[in-house]
Number of protein chains: 2
Amino acid sequence: MNIGQASTGSGVSAKMIRYYESIGLMPAAGRTQSGYRVYSDRDVHLLRFVRRARDLGFALEDIRLLLGLWQDDARPSAAVKDIALKHIGELTRKIAELQAMKRSLQHLAEACHGDARPDCPILDDLSGLDDAAGEAGSAACCR
Amino acid sequence: MNIGQASTGSGVSAKMIRYYESIGLMPAAGRTQSGYRVYSDRDVHLLRFVRRARDLGFALEDIRLLLGLWQDDARPSAAVKDIALKHIGELTRKIAELQAMKRSLQHLAEACHGDARPDCPILDDLSGLDDAAGEAGSAACCR
DNA sequence: TCTTGACCTTCCCATAATGGGAAGCCTTAT
DNA sequence: ATAAGGCTTCCCATTATGGGAAGGTCAAGA
């Protein structure tokens, strides 16, 4: 099958399939005499694996490890779980970071009239007017 | 003051200060005869503004708008609030996305023994064995 | 005055993962 | 035979940041 079919069948764009090959995440595909890449059902299966892992937010380097374990019948499941737990940790950290931003920003936005007048607690906070008064909207209160 | 002092005083690296100048986020700094950039307290204030906005997760293009509003005494606070609300929306979306990943992955990790044996629900899920049984750990159940 | 170390300059490269697009070859159906 | 659509490679862009090299500058001490 051609790269287009492999793409449709796996949900990975042809561009990305070539890229994964170029960085050695995928084995180099076979070629027709005219140079077209040729894929098997097994390749599509592998691509789907990569796509699912991407959907779970794994970095390509982690996926490289996961693929290695997947294809190793003697893998200890602990090795897989380690990678997953590490990733969960990263997700947790990132979520907390974004939530802190959101919280600060929400306080500021609530304090902002949002009308035609120019005074704006959001800009005041960004200006560093934390020092001014004890306004509840300061981002500093949430960091 | 030199770029090093401006960096220390603002918490923005010298590298980034030059970058912000190159993309027009900062006005071009004055120069000494020998070519060193020269900064004023006002510049440091501006840099601090940028840094705080970055800390809140604003993209540089949004910060460009915020800086424009900051320096416009006739700005309507609604314009600022719009930018903030839009960003809150993006944060909310991103947080939800990461949380969905985390939830799926946590289910899978809980179902994984994490020992020396090779069988692993995480790999099973990535392999597309959703089709197999009604395992609670499937990522599909959370998407 | 000379040296030395710390600081500055510009320029190029790298990151992570993805998409856009051009120029040109291949295949297939009409 | 010709057109359409698929494939190839190659280059560029994204976002924000850092690393590092090669070379100029400044300040302080010997």
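Order of the sequence lines sets the chain letters (A, B, ...), proteins ahead of strands, with each chain counted from 1. Being a predicted model, the structure only gives us computed values, none of them experimental.
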Give the rounded distance in Å between these two atoms: [atom1] of [X] and [atom2] of [N].
X       : N      : atom1 : atom2 : result
B/Ile17 : D/dA16 : CD1   : C1'   : 15 Å
B/Tyr19 : C/dA14 : OH    : P     : 18 Å
A/Arg51 : C/dT18 : CZ    : P     : 10 Å
A/Gln33 : D/dC7  : CD    : C1'   : 16 Å
B/Asp62 : D/dT15 : CG    : C1'   : 13 Å
A/Asp55 : C/dT18 : CG    : C1'   : 14 Å
B/Gln5  : D/dA27 : CD    : P     : 11 Å
A/Ile63 : C/dA16 : CD1   : P     : 13 Å

>> Heavy-atom nearest nucleotide on DNA chain D for B/Arg54 versus A/Tyr39: which residue maps closer to 5'?
In response: A/Tyr39

> With distance as the sole test, does B/Asp125 use its side chain to make a donor-acceptor pair with the main-chain N or O of B/Ile122 at under 3.5 Å?
Replying inline: no

Base, sugar-phosphate, or nothing: which does [X] touch, judged by heavy atoms less than 4.0 Å apart?
X       : answer
B/Phe58 : nothing
B/Ala14 : nothing
A/Ser13 : sugar-phosphate

> So does A/Arg31 have more than 12 non-hydrogen atoms from other groups sitting under 6.0 Å from CZ?
Replying inline: yes

Atom pairs, N/O to N/O, protein against nucleotides 9-11 of chain D, distance under 3.5 Å?
from  : atom 1 : to      : atom 2 : distance (Å)
D/dT9 : OP1    : A/Arg31 : NH1    : 3.3
D/dT9 : OP1    : A/Arg31 : NH2    : 3.0
D/dT9 : OP2    : A/Arg37 : NH1    : 2.9
D/dT9 : OP2    : A/Arg37 : NH2    : 2.9

Please report, to 0.1 Å, the donor-acceptor pairs under 3.5 Å made by any side chain of residues 76-87 of chain A, with sequence neighbours excluded.
from    : atom 1 : to       : atom 2 : distance (Å)
A/Ser77 : OG     : B/Gly114 : N      : 3.2
A/Ser77 : OG     : B/Asp115 : N      : 3.1
A/Ser77 : OG     : B/Asp115 : O      : 3.4
A/Ser77 : OG     : B/Asp115 : OD1    : 3.3
A/Ser77 : OG     : B/Arg117 : O      : 3.2
A/Lys81 : NZ     : B/Ala109 : O      : 3.3
A/Lys81 : NZ     : B/Cys112 : O      : 2.8
A/Lys86 : NZ     : A/Asp62  : OD1    : 3.1
A/His87 : NE2    : A/Leu56  : O      : 2.9
A/His87 : NE2    : A/Gly57  : O      : 3.2

> Of all residues at least two apart in sequence or in a different chain, which pass the side chain to side chain donor-acceptor pair (under 3.5 Å) check with B/Glu61?
Replying inline: B/Arg64

> Could you give the angle between the helix axes at the two ends of the helix from C/dT1-D/dA30 to C/dT30-D/dA1, with five pairs per end, rounded to 10 degrees?
Replying inline: 30°

> Should A/Val44 and A/Tyr36 be counted in the same cluster of Ile, Leu, Val, Met, Phe, Trp and Tyr side chains packed under 4.5 Å apart?
Replying inline: no

> Would you say D/dT8 has OP1 or OP2 under 4.0 Å from some side-chain N or O of A/Ser34?
Replying inline: no

>> Less than 4.0 angstrom between a side-chain N/O of A/Tyr20 and OP1 or OP2 of C/dA17, yes or no?
In response: no

Side chain to side chain, [X] and [Y], heavy atoms closer than 4.5 Å:
X        : Y       : value
B/Leu126 : A/Trp70 : no
B/Asp41  : B/Met1  : yes
B/Val12  : B/Arg48 : no

> Which residue pairs pass the side chain to side chain donor-acceptor pair (under 3.5 Å) test when at least one of the two sits in residues 5-18 of chain B, sequence neighbours left out?
Replying inline: none

> Between the side chains of B/Ser127 and B/Asp124, is a donor N or O closer than 3.5 angstrom to an acceptor N or O?
Replying inline: no

Taking only N/O atoms, report every protein-nucleotides 2-7 of chain C pair under 3.5 Å with atom names and distance.
from  : atom 1 : to      : atom 2 : distance (Å)
C/dC7 : O2     : B/Tyr36 : OH     : 3.2

